[in-house]
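Structure first, then comments.
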Amino acid sequence: MSSTEPTHAVFSSDRCLALGSLADALRALKQEPDAAPLLTYDLSTGREVDFDLRPSLDELLKAHAPAPQRGPGRPKLGVTSREISLLPRHWAFLEGDPRGISAALRQLVEEAMKGPGQARRLRDATGNLLTGLAGNRPGYEEASRALYAGDLAGFDAATASWPVDVRDLVRQRARAALG
């Protein structure tokens, strides 16, 4: 996910209160403490997440802020040094790359992130979100089958009668997953 793509969604019943970063979700949760049960979804997995909302908003934001980068590497790029184990033939391949070992590894990871494994993760996350938001709605089973069959037209037909916020979010995620 890019940094501008939403990472979290907060729902109160069928209404989306927040769609954005984790900070946006935490702000929405703190602003609506007496609302009907609020459900927060991590869009990278599609799973519901819970937060202890007793601390202040500032304390929550600080507690859930990304850990600062430390150690060797290039801090301006947010690089964290880690150790990996490769076979000698893998090291030989990487050492032969004119860009250098780190650049070659980054390129290989970027390519893998765009491959079929990433598409499956996106589809599974959409399936989880679909279950959480609409598992009891008419058309859920048809929508789920259409999602896993790669049938966007069928997905749209199965979700047509759903509340706008639920329908729009699952359709947007399905389009991203099925690309």
Any sub-3.5 Å donor-acceptor pair from [X]'s side-chain atoms to [Y]'s backbone N or O?
| X | Y | answer |
| --- | --- | --- |
| N128 | G46 | no |
| K30 | L60 | no |
| Q31 | A28 | no |
| H90 | L87 | yes |
| S13 | R15 | no |
| T7 | G20 | yes |
| S56 | E59 | yes |

Flag side-chain contact, heavy atom, 4.5 Å: L29 against H8:
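Not touching, per the 4.5 Å side-chain cut-off.
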Measure across [X] and [Y] and return the closest heavy-atom pair with its distance rounded to 0.1 Å.
| X | Y | answer |
| --- | --- | --- |
| V170 | T126 | O-CG2, 4.2 Å |
| S44 | D42 | OG-OD1, 2.7 Å |
| F155 | A146 | N-CB, 3.4 Å |
| L39 | E48 | CD2-OE2, 3.1 Å |
| A174 | L147 | CB-CD1, 4.1 Å |
| L43 | P6 | CD1-O, 3.8 Å |

Parallel, tilted or perpendicular: which fits the ring planes of H64 and F51, with parallel below 30° and perpendicular above 60°?
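H64 vs F51 ring planes: perpendicular.
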Taking 4.0 angstrom as the limit, do R173 and D168 come out as a salt bridge?
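Salt bridge flag = no for D168 with R173.
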Taking D58 first and then K62, would you say they form a salt bridge - that is, a charged N and a carboxylate O separated by under 4.0 Å?
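Salt bridge absent between D58 and K62.
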Whether over 12 other heavy atoms sit under 6.0 Å from [X] [atom1]:
| X | atom1 | value |
| --- | --- | --- |
| R47 | CZ | no |
| Q172 | CD | yes |
| R99 | CZ | yes |

Does any donor atom in the side chain of D24 or S21 lie under 3.5 Å from an acceptor atom in the other side chain?
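Yes, a side-chain donor-acceptor pair sits under 3.5 Å.
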What I want to check is whether the side chains of T159 and Y140 have a donor and an acceptor closer together than 3.5 Å.
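T159 vs Y140: no donor-acceptor pair found between side chains.
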D14: partners by side chain to side chain contact (heavy atoms under 4.5 Å, CB included), with sequence neighbours left out
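For D14, the residues satisfying side chain to side chain contact (heavy atoms under 4.5 Å, CB included) (neighbours in sequence not counted) are R137, P163, V166.
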If two hydrophobic side chains count as joined below 4.5 Å and joins carry through other members, does I84 share a cluster with L94?
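I84 clusters together with L94.
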